[in-house]
Amino acid sequence: MTNLLETLGKTTRASFAKIGRGTFFLIHTLTGLRDMLPRPNLLVRQMYSVGVLSFLIIVISGLFVGMVLGLQGYYILSDFGAEESLGVMVAASLVRELGPVVTALLFAGRAGSALTAEIGLMKATEQLSGMEMMAVDPVNRIISPRFLAGFLSMPLLAAMFSALGVMGGHLVGVGMLGVDDGAFWSQMQNNIDFKDDIINGVIKSVVFGFVVTWIALFEGYDAIPTAEGVSRATTRTVVNSAFAILGLDFILTALMFGDI
Amino acid sequence: MQHSTTQDTLVGLFVVTGIAALFYMALQVSNLGTYTGRDSYTVYAQFRNSGGLKVRSPVSMAGVRIGRVAAITLDRDSHESLVEMHIEAQYDNLPIDSSASIYTAGLLGEQYVSIEPGGSADYLQNKSRIDIVSSAIVLEQMIGKFMLNKAEGK
């Protein structure tokens with residue numbers, strides 16, 4: 001019994017301590033952004049590995065998700081004789097939910113895990129301590145550019161995902177299933193609002209980008225510097241990111257669309 | 001990782017593609033493209049019942065969309081629905097005795113305001129009011145009436 005209580009207390013304290021470290025880490029990262037301004041090259045390099053290399057998986061997933069939405073939507077809507085609403089259904093589900101959420105999940109798996117592994121390995125091979133020895137702040141030099149790159153890439157990737165998804169839905173709905181082209185677009189444009197739908201979707205993707213990159217970098221930085229520790233940290237990045245994305249998505253959706 | 005100009009180019013391409021996707025979303029997918037920046041003028045119509053009409057529902061004449069519903073409020077004195085419509089400025093020659101009706105697109109589609117032109121040579125001005133109106137058809141009321149007539153017929 002005492003043992004159980006002891007373990008419970010220890011785990012609770014440990015998790016609070018981790019949240020505290022994570023918060024300090026975030027503040028450190030954000031202040032480090034200022035030192036990065038004179039060196040845009042660091043950002044470009046990270047944008048390449050975080051953004052450009054995630055491009056292909058996002059584009060292909062977006063296209064296929066849109067095509068599946070087109071097929072599924074058509075079969076349901078045709079029962080009600082409302083095939084013309086296919087455009088609205090595809091665009092609304094992509095722009096509001098699937099675009100930001102699926103992109104963030106893929107982003108956590110593709111870029112987040114890579115970031116954690118990279119930083120964890122840097123820590124394990126004492127590159128970070130080496131930098132500190134040379135009076136270079138590793139957070140400013142290593143973490144901040146990666147953070148900004150993830151934060152900037154995520155909304156762009158989500159926008160590509162949604163745009164490709166709409167094209168995929170159009171391909172299947174209009175190209176294969178014979179929905180009227182004009183009705184597809186006009187219904188979509190009548191019912192998707194720029195402020196309520198597009199901007200809210202972008203806000204979601206910005207929030208997800210912030211959180212996923214933060215979790216990935218912190219897990220790497222906080223990893224136990226062994227092979228096993230890094231592998232655990234990578235797993236934690238993906239799992240915690242998924243929790244954070246889906247939980248935050250509920251909160252954001254309730255705030256944005258709750259009054260409808 | 002070696003820094004190279006190829007990388008710069010690819011990152012630039014990536015950012016441009018992302019921004020292009022955002023623009024595509026804004027213009028092709030949402031209503032921003034149909035929001036012509038053109039001026040519009042306001043016309044009011046008062047309906048006994050505006051049914052399922054919503055803000056931003058289309059206002060059309062002869063099947064052509066000429067504006068949008070801007071606001072729907074309850075008139076305090078008459079307890080009727082006051083619908084504020086924004087008509088695009090290029091359609092400034094709607095006769096003053098035009099009539100407004102609320103119709104449904106298809107059997108279960110969304111509701112819209114249809115304006116039938118009258119014969120007057122005077123045109124609707126900004127903030128003027130359409131007097132000849134017919135309310136939305138509420139399906140339940142129609143079914144109720146139909147049942148009542150049936151019952152009385154027997």
Side-chain angles (χ1 to χ4, degrees), chain A residues 40-55 58-59 62 80-82 84-85 87-88 90-92 94-95 99 118 149 152-167 169-170 185-199 201-202 205, chain B residues 1-37 52-60 63-72 85-86 88 103-113:
Chain A
N41 269 346
L42 290 178
L43 176 66
V44 171
R45 224 181 288 176
Q46 293 314 319
M47 283 287 277
Y48 179 78
S49 65
V50 170
V52 176
L53 294 182
S54 310
F55 176 77
I58 295 293
V59 165
F80 303 102
E84 280 75 25
S85 303
V88 188
V90 170
L94 276 169
V95 170
E118 189 186 9
L152 292 178
S153 300
M154 191 31 222
L156 297 176
L157 289 169
M160 292 176 202
F161 185 95
S162 301
L164 258 296
V166 169
M167 287 179 200
H170 181 258
W185 291 118
S186 70
Q187 288 253 354
M188 191 190 292
Q189 288 164 358
N190 276 337
N191 287 287
I192 304 291
D193 189 62
F194 179 70
K195 198 169 114 278
D196 286 348
D197 295 321
I198 309 268
I199 294 290
V202 172
S205 60
Chain B
M1 202 192 306
Q2 197 62 43
H3 182 72
S4 68
T5 44
T6 328
Q7 236 172 53
D8 287 352
T9 319
L10 285 173
V11 171
L13 212 61
F14 171 73
V15 172
V16 169
T17 317
I19 291 171
L22 278 174
F23 266 98
Y24 176 81
M25 304 295 286
L27 296 177
Q28 180 77 21
V29 175
S30 83
N31 55 357
L32 204 67
T34 55
Y35 258 141
T36 46
L53 198 69
K54 289 190 288 268
V55 172
R56 299 181 7 79
S57 292
V59 177
S60 69
V64 180
R65 200 180 64 75
I66 58 169
R68 281 185 181 281
V69 171
I72 302 172
M85 292 170 280
H86 286 173
E88 285 175 27
Y103 289 138
T104 310
L107 192 57
L108 299 168
E110 62 172 341
Q111 297 199 300
Y112 65 98
V113 179

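In what follows, chains are A, B, ... by sequence order, proteins preceding strands, each numbered from 1. If you're wondering where the values come from, they're calculated on a predicted model, not measured in any experiment.
Looking at B:Leu13, neither its backbone nor its side chain comes within 4.5 Å of chain A, counting heavy atoms on both sides. Proximity to chain B is absent for every atom of A:Ser85, based on heavy atoms less than 4.5 angstrom apart.
Contact between A:Ala159 and B:Gly18 at its shortest, heavy atoms only, is CB-O, 4.1 Å. Of all the heavy atoms in B:Ala26 and A:Phe194, the pair that sits closest is CB-CE1, 3.4 Å. For the pair B:Val11 and A:Val52, the tightest heavy-atom approach, listed with the atom from each and the gap, is CA-CG2, 3.8 Å. The two residues B:Phe14 and A:Ser153 have their closest heavy-atom pair at CE2-OG, 4.0 Å.
Here the side chains of B:Met25 and A:Val202 are not in contact, with every heavy-atom distance at 4.5 Å or above. A 4.5 Å side-chain heavy-atom check between A:Phe55 and B:Leu10 finds every atom pair outside the cut-off.
For the atom pair CG (B:Leu27) and CD (A:Gln189), the distance works out to 9.5 Å, reported to the nearest 0.5 Å. In this structure, the separation between CG on A:Leu156 and OG1 on B:Thr17 is 9.0 Å, given to the nearest 0.5 Å.
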